[in-house]
Amino acid sequence: MTKNSAEQIGLNQAQLEAVKAPLGPVLILAGAGSGKTRALTMRIVYLIKKLGLKPHSILAVTFTNKAAGEMKTRIIGLIGKSELPTMGTFHSIGVRILRQECALVGLDRDFLIYDSDDQESLLKDILLRLRIDPTKFKPSLFAHLIDRAKNNLEEPDDLPTQTTFDLNVKKVYEMYQTELRKNNAVDFGDLLVLPVRIFQEHDDVLLKYQNLWQYVLVDEYQDTNHVQYIFTKMLVANHQNIFVVGDDAQAIYGFRGANLQNILDFEKDYPETKIIRLEQNYRSTQPILSIAQKVIELSPRQHKKTLWTENEKGMIPMFYSAPDELAEAYFVASKIIEIQDGKSNELQYEIEDTDDTILGRIMRHPPATPASWLAWRAGARSKILPKLKNRQRLNNIAILYRTHAQSRVLEEVMIEASIPYQIVGGLKFYERKEIKDILSYLRLLINPNDLVSLKRVINVPPRGIGPKSFDLLKEALIEQDEKELAKLMDLKPSVKHFFETVNLIQNLDESADLLDILRQVLKLTGYEAFLRDGSEEGETRWENIQELFNVAGSFRKMNWKEGLTKFLEEVALMTSVDEMDLHSPKVTLMTLHQAKGLEFETVFLVGLEEGILPHARSMMDPKDIAEEVRLTYVGITRAKQQLFLVCAQTRKQFGSRNISIPSRFLKAIPEELLQIHEDF
DNA sequence: ACTCGGTTATTTTTT
DNA sequence: ATAACCGAGT
Ligand SMILES: Nc1ncnc2c1ncn2[C@@H]1O[C@H](COP(=O)(O)OP(=O)(O)OP(=O)(O)O)[C@@H](O)[C@H]1O
């Protein structure tokens, strides 16, 4: 096969060694852009074509669903097979197992998946019931602690009981689990924990999956957490056919329990391991790699890795220190325009003396104080930023930042400069209010007693059912008190009507498809009329709902109940990167975390300031700082050809302007590796 | 139960 | 600066 498929997609000697390794444990530990993912993909092809493994006996775990999708496409291109290996994120594989084995953990087959909003809504209720003040101890804090426990495979009983707070956390965790089960729902953590529990308690089930998946591959192994580690370990315990790739310098998910030790101790877990190191980088130019190297040296205890490239020459990465965050955004926009349209006339913001517009007059008389001068300059400049003309291949450009909040100014300036863009994450499509409302209605069709969904929409549109009535209703439902329920419905006919509507849609004919159901929900619940009140905002929201029809369309063929479960599942597991549009010509704005595994011709890394990168909340612990260093390393190594590092000297935060100090990470870069862009 | 005005927290990073 | 939240008045 190497003569055919491996040469269609080139592999170097070291990669080939990994691809053609005998069965048994293999670890590729190598730096950014060295072709780890490519090697993993080709390994799958080799297993199928050369070793004759059945595709379905292979399990490949990727970091996002999108990555799985791309890998599938590539494999189809090479082996042209209709049958493919099982591929997906740990979470999506978890659901698959759980749908199959749900009875073993007391779940119905059509269990719902709660997202963080649902989680917090449930937790808030529990906190109120325990008389814990949710303003002092936020639900999100408990969500985080419970999530952390799950990632470490800890049950409530495994948690500490030292302080009152410890005891509270334990109690909340216990009640939370009870409530989830009562609602026939699971959270993200459960998707990982429950399969492991099933494996631990049912040898026969474990054996079934061990036999099903004869070969297991994991990409981005450095960011696996404890449950994921145990899950993988149990699966391959018999055959030890495990192939993992990763880079300890790119471990950036410590905050959600990822444990770097998993990859570092791999050889201890599997003594027979064949370790492969890849040293040639195929992505970036040498000037970019040199900078990346200098930065990663700030993180102690990284594996030393050689990384070289044949692309000796290339643009020297550019550094610009902007007076403020607006100027930072203008710099990015003007560079994008320069890349796309070529260098335009210099000094565009020189206004002629004869210009007697208001702007012209202001421009000739800058304010006296430095602070307002900055504002003046930024304001003036905004009026003269040229508009982008050539939109081709804009998807080769990315703007990367530490926090979503930074995207705001950048977005405004992109709009001003007519630069098409997409923001990944932030406000995810499926997190928009109107979308979540409709999804809640849809979830009620599967489980009309799902209290979290019920609470969300029972009064949207307004039906005169406030918190008081809802509490009564909730009690009646929990206690299954038919009498109380009937009484309530008599008192509030709108409650009765609500459930009748849900029931009516639920009992729609088998022949109805998901789109019919969606239409009926919008009509019969009055949501459509409520939304389309003639306001412009209402229409925008309505358009979003139309978009929901598009997604739901792909589940039209099945009977609607099955399609609905699948649809809700896909939506719940969708990551923000999955929503990204890779092909249309738009500049991509996203966080450094989301950029993992991706690559772009041109990368702008913005906000290189103390407090942002490294983030203020990561500055206490050296371990956290090291993770920030790796985050920076990930950002830099996304760039193939051009890299811009940008910081601002002042930045508006919470409405007031603060002085920003250039990031300590910049100091690690020798001046000769950068070209400094002087201010205009 | 709703609506308005004042108060408050918000900015890590994600499945 | 802005959105989410809370309490008082309707
Ligand atoms: N042998 C090769 N010859 C030419 N190009 C290659 C080779 N191997 C990989 N590449 C290219 O190099 C780039 C990086 O590859 P890949 O994404 O597999 O690296 P990676 O090690 O997984 O990177 P990261 O650690 O950043 O996720 C891709 O554009 C890929 O197509």
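No hydrogens, no waters, no symmetry mates; every other heavy atom, side chains included, goes into these values. Naming convention: chains lettered A, B, ... in sequence-line order (proteins, then strands); numbering from 1 in each chain. Keep in mind the model is a prediction, meaning the values are calculated, not measured.
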Which whole-number value in Å describes the distance from [X] [atom1] to [N] [atom2]?
X	N	atom1	atom2	value
Gln406(A)	dT10(B)	CD	C1'	15 Å
Glu411(A)	dT2(C)	CD	P	14 Å
Glu120(A)	dA4(C)	CD	C1'	13 Å
Asn65(A)	dT15(B)	CG	P	9 Å
Glu569(A)	dT15(B)	CD	P	16 Å
Leu400(A)	dT13(B)	CG	C1'	14 Å
Tyr430(A)	dT14(B)	OH	P	18 Å
His593(A)	dT11(B)	NE2	C1'	14 Å

key: Base dT15(B) to side chain Arg256(A), donor-acceptor N/O within 3.5 Å cut-off   =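 Check fails, no donor-acceptor contact within cut-off.
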inquiry  = Looking at Phe111(A), I'd like to know if the NZ or CZ of Arg99(A) sits under 6.0 Å from its six-membered ring centre while staying within 45 degrees of the ring's axis.
reply    =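 Cation-pi check for Arg99(A) and Phe111(A): passes.
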ask   = Taking the six-membered ring of Tyr253(A) as reference, does the NZ or CZ atom of Arg256(A) fall below 6.0 Å from its centre and within a 45° cone about the axis?
value =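 Relative to the ring axis of Tyr253(A), which defines the angle, Arg256(A) lies inside both limits.
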Residue met sooner reading DNA chain B from 5', once Gly464(A) and Val577(A) are mapped to nucleotides =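 So the residue in question is Gly464(A).
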message = Using heavy-atom distances to pick each residue's nearest nucleotide on DNA chain B, tell me which of Thr575(A) and Pro462(A) is more 5'.
response =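 Result: Pro462(A).
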message = Run the side chain to side chain contact (heavy atoms under 4.5 Å, CB included) test on Glu579(A) and Tyr430(A) for me, step by step, so that the C-alpha distance in whole Å, both residues' side-chain angles and the decisive distance to 0.1 Å come before the verdict.
response = CA-CA 10 Å; Glu579(A) 288 179 43; Tyr430(A) 293 102; 3.9 Å; yes
Among [options], which nucleotide has an atom closest to any side-chain atom of [X]?
X	options	value
Lys652(A)	dA1(C), dT11(B), dT13(B)	dA1(C)
His404(A)	dA1(C), dT13(B), dA1(B)	dT13(B)
Lys138(A)	dT10(B), dT13(B), dT15(B)	dT10(B)
Ser469(A)	dT11(B), dT14(B), dA1(B)	dA1(B)
Thr591(A)	dT15(B), dT13(B), dT11(B)	dT13(B)
Asn459(A)	dC2(B), dT15(B), dA1(B)	dC2(B)
Asp147(A)	dT11(B), dA1(B), dT15(B)	dT15(B)
Lys492(A)	dT13(B), dA1(C), dA1(B)	dA1(B)

task = Name the nucleic acid region contacted by Thr64(A), choosing base, sugar-phosphate or nothing; use a 4.0 angstrom heavy-atom cut-off, strictly under.
result =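 If one applies the 4.0 Å heavy-atom cut-off, Thr64(A) turns out to touch nothing in the nucleic acid.
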message = Does Tyr253(A) reach a base, just sugar-phosphate, or nothing at all? Heavy atoms under 4.0 Å.
response =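 Answer is sugar-phosphate: Tyr253(A) comes under 4.0 Å of backbone atoms only.
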inquiry  = Ring centres within less than 5.5 Å and planes less than 30° apart: is that true of Phe255(A) and dT13(B) in this structure?
reply    =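 Per 5.5 Å and 30° rule: yes, stacked.
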Residues [X] and [Y]: side-chain donor-acceptor under 3.5 angstrom:
X	Y	answer
Glu416(A)	Tyr330(A)	yes
Asn65(A)	Asp578(A)	yes
Tyr229(A)	Asn259(A)	no

message = OP1 or OP2 of dT14(B) versus the side-chain N and O atoms of Gln594(A): is any pair under 4.0 Å?
response =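 Gln594(A) to dT14(B) OP1/OP2: side-chain N or O found under 4.0 Å.
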request  = Residues of residues 628-639 of chain A with any non-hydrogen atom less than 4.0 angstrom from an atom of DNA chain B: list those, numerically ordered, please.
outcome  =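 Correct list: empty, so none.
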key: Distance between P atoms of dA4(C) and dT11(B) (Å, rounded)   =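 Nearest-Å result for dA4(C) against dT11(B) at atom P: 10 Å.
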message = I need the single residue from Gln119(A), Lys124(A), Glu120(A) that forms a side-chain contact (heavy atoms from CB on, under 4.5 Å) with Ser140(A). Which is it?
response =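 Between Ser140(A) and the candidates, side-chain contact (heavy atoms from CB on, under 4.5 Å) is satisfied uniquely by Glu120(A).
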ask   = Between Phe567(A) and Leu548(A), is a side chain to side chain contact (heavy atoms under 4.5 Å, CB included) present by the stated rule, with each step listed?
value = CA-CA 10 Å; Phe567(A) 172 60; Leu548(A) 199 60; 3.9 Å; yes
